[in-house]
Amino acid sequence: MKHVHSGKVRDLYETDDGLLLMVASDRISAFDHVLQPDIPDKGAVLTQLSLWWFDQLKDIVPNHVVAPGDEARAVLCRPLRMVQVECVARGYLAGGGLSEYRAGGAVSGVPLPEGLKDGSRLPEPIFTPSTKAPQGEHDEPIPYERVVEEIGAETAAELRRITLAVYTRGAQIAAERGIILADTKIELGWDADGVLTLGDEVLTPDSSRFWPADEWRPGRSQPSFDKQYVRDWLLSPESGWDKSSGNPPPRLPDHVVERTRQRYLEAYERLTGAPFSG
Ligand code: ATP
Ligand code: MG
């Protein structure tokens, strides 16, 4: 197999029959740095959770999955021509959306009411696209009109429709399990027949913010089933790391690795309702 791409988290290979093998590693990144050490089982959890979600979403949008791989972390997919837009839907205010709102009262050009706090629920889910930055650079939020200029009104409308539909279905299923889906990012591409198809990973803790519903308190950062625990530790005095120093972050201590692994496993088990078997 030919190696075609390595991102911060995943490696892509081309098979002899022109398919893609996408392998999710156990690497974890935060603040644009890949951290040490790996989080055991993370890759398998993300791949298995994505496979489960693709199935829950298949009446909304076709997906790139051909078959599960030989390893739990791998999946065989159809190659897509990826749309160069990161499709984000937000139902709650957090992360980059919160910073944008604080700076200008809007997110990706969508104006929002005054008085919203960290973790506030939005009046309705919104589509907040961003650029797909080259490796090492930050994705930049872009207004919907920019998406229209770049890929045309018809495709832009499709991206928005599909992204919001995926968010709504995901949020509804998560809510039944006591989990808030605060936001999510999906990636779409055209298949060989020109059909917009869901690629990459979907509704994982790496691409989404999942919050335990019973602990949701707007006005502070929310406990979350993703790498929030890692981010909080990196920013705490215990890590001794200065984010603005340009230095790489310190190695994660065992308790942070174990706690983070537990969070990923818990997300899988609560969402799918099945034990994780790797
Ligand atoms: P990073 O996440 O580190 O910023 P990245 O997104 O390029 O960089 P990964 O997420 O690790 O890296 O790798 C997955 C890559 O594969 C992404 O570039 C994604 O757009 C691409 N991809 C996902 N599914 C498909 C597909 N079916 N066909 C072609 N490319 C795909
Ligand atoms: Mg990626």
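Read the numbers this way: they start at 1 and go in the same order the structure lists the ligands and their atoms.
- Qualifying ring pair (Phe, Tyr, Trp, His ring centres under 6.0 Å) partners for F276, counting only residues two or more places apart in sequence or in other chains: Y268.
- Contacts of ligand 1 (protein heavy-atom distance under 4.0 Å) are H5, G7, K8, V9, R10, L12, L20, M22, H64, R78, P79, L80, M82, K132, E187, D200.
- Residues passing the salt bridge (Lys or Arg N to Asp or Glu O under 4.0 Å) test with R102, sequence neighbours excluded: none.
- Among residues two or more places apart in sequence or in another chain, the side-chain contact (heavy atoms from CB on, under 4.5 Å) test is passed with N63 by F54, K58, V65, L198.
- Closest non-hydrogen pair, P249 versus H33, comes out as CD-CG, 3.5 Å.
- Taking 4.0 Å as the cut-off between side-chain N and carboxylate O, K185 and D139 do not count as a salt-bridged pair.
- Between R27 and D11 there is a salt bridge, since at least one side-chain N of the basic residue sits less than 4.0 Å from a carboxylate O of the acidic one.
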